[in-house]
Number of protein chains: 2
Amino acid sequence: MKRTIILYGLALALFVSGLKFLEYRFFVRDLSIEFYISIIVVTFTGLGIWVGLRLTRKKFVFVGGDFKQDANALQRLDITKREYEVLELIAQGLSNKEIADKLFVSLNTIKTHSSNLFLKLEVSRRTQAVQKAKNLRLIP
Amino acid sequence: MKRTIILYGLALALFVSGLKFLEYRFFVRDLSIEFYISIIVVTFTGLGIWVGLRLTRKKFVFVGGDFKQDANALQRLDITKREYEVLELIAQGLSNKEIADKLFVSLNTIKTHSSNLFLKLEVSRRTQAVQKAKNLRLIP
DNA sequence: AGTTAAATCATCCTTTTGGGTGATGATTTT
DNA sequence: AAAATCATCACCCAAAAGGATGATTTAACT
């Protein structure tokens with residue numbers, strides 16, 4: 001944005017110089033004055049468009065940016081690290097058995113974690129858990 | 001976009017009128033010429049910014065806009081209307097029984113539809129189905 | 001009229017999920 | 001050191017989900 005201001009300032013300086021130049025041109029009455037005005041107008045229109053594009057480009061990037069986790073919600077719900085890990089893998093579509101294998105623990109452990117997780121999220125099944133977790137910005 | 005073009009055309013017409021006006025102003029050598037040029041330049045810069053904003057606003061709305069279903073994927077996968085309805089409700093976190101009640105059919109019917117759906121989506125369980133359907137832009 | 005596709009339903013069976021209860025060990029907090 | 005928390009695990013049971021097989025009805029297409 002700083003760069004935009006600097007460049008626009010340069011354009012303004014050019015503009016002021018252009019006006020001084022026109023002041024000299026008045027000694028020679030000439031229709032080509034309109035030509036210079038056209039150039040200046042087109043230049044500044046172009047610059048305006050460019051500024052407009054830059055103003056929104058930042059916002060555009062921001063909208064399309066990376067997932068930002070709501071750490072407050074995570075803390076408020078008192079979800080432990082392990083529970084969160086299980087949640088992530090549930091969201092990836094893994095079965096309990098698959099999750100147990102991936103985390104090198106027993107199936108019982110996963111069931112325990114997911115049960116506790118469901119309690120904290122106040123849901124009855126994994127589909128609800130995933131949906132709620134996305135809504136609360138716990139997972140992407 | 002059409003409106004942008006029309007408005008910009010109007011500005012151009014104003015510009016041309018402005019030039020003619022300047023032509024008259026040459027009979028009275030006056031420093032206020034610079035004043036008129038300034039107005040014209042500022043006007044067109046503003047218009048340029050506006051055009052720039054409009055050019056990206058469309059994209060911006062599109063990104064932040066409502067869900068747009070990929071009907072091609074839906075057709076390609078050969079998912080029937082009823083199957084899609086079941087998918088939607090699965091994604092909302094409903095159990096098969098709940099879905100059956102909502103659609104006034106038997107549990108068996110829902111199991112049939114979801115089985116067929118899973119085949120078409122090439123998944124093994126509802127969490128995978130929901131995830132894949134979102135990735136394919138079948139559901140929001 | 002015959003064929004096809006979609007929707008509906010049933011039955012059987014297996015697997016998976018989820019709730020409850022209880023326990024132990026490790027780590028963190030008081 | 002004691003208490004609390006977290007992770008892990010087991011067992012029991014019921015509910016839910018999922019796969020397979022088969023059938024009927026309806027609507028659309030040839």
Enquirer: What does the B/S/- profile of nucleotides 3-13 of chain D look like, 5' to 3', with a 4.0 Å heavy-atom cutoff to protein?
Expert: ---SSBBBB--
Enquirer: Quick check on the helix from dA1(C)-dT30(D) to dT30(C)-dA1(D): what's the angle between its two end axes, five base pairs per end, to the nearest 10°?
Expert: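 End-to-end axis angle for the helix from dA1(C)-dT30(D) to dT30(C)-dA1(D): 50°, rounded to 10°.
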Enquirer: Atom CG of Leu119(B) and atom P of dA6(C): how far apart are they, to the nearest Å?
Expert: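 After rounding, the reported distance stands at 14 Å.
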Enquirer: Measure from the side-chain heavy atoms of Ser115(A) and tell me the nearest of dG19(C), dA17(D), dT16(C).
Expert: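 Given the options dG19(C), dA17(D), dT16(C), the side chain of Ser115(A) is closest to dG19(C).
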Enquirer: Between protein and nucleotides 23-30 of chain D, what N or O pairs are separated by less than 3.5 Å?
Expert:
none

Enquirer: With Asn116(B), which residues qualify under side-chain contact (heavy atoms from CB on, under 4.5 Å), at least two apart?
Expert: Glu83(B), Thr112(B)
Enquirer: Under the criterion salt bridge (Lys or Arg N to Asp or Glu O under 4.0 Å), I'd like the reasoning laid out for Glu88(A) against Lys102(A): C-alpha separation, chi angles, the key distance, then a yes or no.
Expert: CA-CA 12 Å; Glu88(A) 280 182 313; Lys102(A) 196 167 180 87; over 6 Å; no
Enquirer: Minimum heavy-atom separation for Gln128(A) and Ser124(A), please, with both atom names.
Expert: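 Answer, listing the atom of Gln128(A) first, then Ser124(A): OE1-N, 2.8 Å.
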Enquirer: Apply side chain to side chain contact (heavy atoms under 4.5 Å, CB included) to the pair Thr80(A) and Leu117(A), showing each step before the final yes or no.
Expert: CA-CA 9 Å; Thr80(A) 66; Leu117(A) 190 60; over 6 Å; no
Enquirer: State whether the side chain of Glu85(B) and the backbone N or O of Arg82(B) hold a donor-acceptor pair below 3.5 Å, judged by distance alone.
Expert: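 It does not hold such a pair.
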Enquirer: Whole-Å distance between dG19(D) P and Phe118(B) CZ?
Expert: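 Going from CZ in Phe118(B) over to P in dG19(D) covers 7 Å.
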Enquirer: Is a donor on one side and an acceptor on the other found under 3.5 Å between the side chain of Gln75(A) and the backbone of Ala71(A)?
Expert: no
Enquirer: Are a donor atom and an acceptor atom from the side chains of Asn72(B) and Arg137(B) found within less than 3.5 Å of each other?
Expert: no
Enquirer: Do you know the tightest heavy-atom contact between Leu138(A) and Asp70(A)?
Expert: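 Answer, listing the atom of Leu138(A) first, then Asp70(A): CD2-O, 4.1 Å.
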Enquirer: Between P on dT17(C) and CD1 on Ile110(A), what's the gap in Å once rounded to a whole number?
Expert: 11 Å
Enquirer: Between Glu122(A) and Leu119(A), is there a donor-acceptor pair closer than 3.5 Å when you use the side chain of the first and the backbone of the second?
Expert: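 Judged by distance alone, no pair lies under 3.5 Å.
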Enquirer: Please answer whether the main-chain N or O of Asp78(B) pairs with a side-chain N or O of Lys120(B) as donor and acceptor at a distance below 3.5 Å.
Expert: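 A pair under 3.5 Å: yes.
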Enquirer: Hey, what are the protein-to-nucleotides 28-30 of chain C N/O distances that come in under 3.5 Å?
Expert:
none

Enquirer: Not counting sequence neighbours, which residues clear side-chain contact (heavy atoms from CB on, under 4.5 Å) with Thr109(B)? List them please.
Expert: Val105(B), Ser106(B), His113(B)
Enquirer: Could you give the CG-to-P distance, from Asp101(A) to dT16(C), as a whole number of Å?
Expert: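 Answer to the nearest Å: 11 Å.
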Enquirer: Other residues, nucleotides and ligands only: do more than 12 of their heavy atoms fall within 6.0 Å of NZ on Lys97(A)?
Expert: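 It does not: Lys97(A) NZ has 12 such atoms or fewer within range.
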Enquirer: Has Lys132(B) got a side-chain atom pairing as donor or acceptor with Leu121(B)'s backbone, closer than 3.5 angstrom?
Expert: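 Yes.
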Enquirer: Quick check against the 3.5 Å criterion: does Arg126(B) have a side-chain atom that pairs as donor or acceptor with the backbone of Ile90(B)?
Expert: no
Enquirer: OP1 or OP2 of dG18(D) sitting under 4.0 Å from any side-chain N/O of Arg126(B)?
Expert: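 Answer yes for this pair, as a side-chain N or O of Arg126(B) is under 4.0 Å from OP1 or OP2.
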Enquirer: Atom CD of Glu122(A) and atom C1' of dG19(C): how far apart are they, to the nearest Å?
Expert: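 Taking CD of Glu122(A) and C1' of dG19(C), I get 16 Å after rounding.
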Enquirer: To the nearest angstrom, how far is Leu94(A) atom CG from dT16(C) atom C1'?
Expert: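 These atoms are roughly 14 Å apart.
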Enquirer: Are OP1 or OP2 of dA17(D) and a side-chain N or O of Asn96(B) less than 4.0 angstrom apart?
Expert: yes
Enquirer: Between Gln128(B) (CD) and dT16(C) (P), how many Å, whole number?
Expert: 12 Å
Enquirer: Figure out the CG/C1' separation between Leu89(B) and dA17(D), and round it to whole Å.
Expert: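 After rounding, the reported distance stands at 16 Å.
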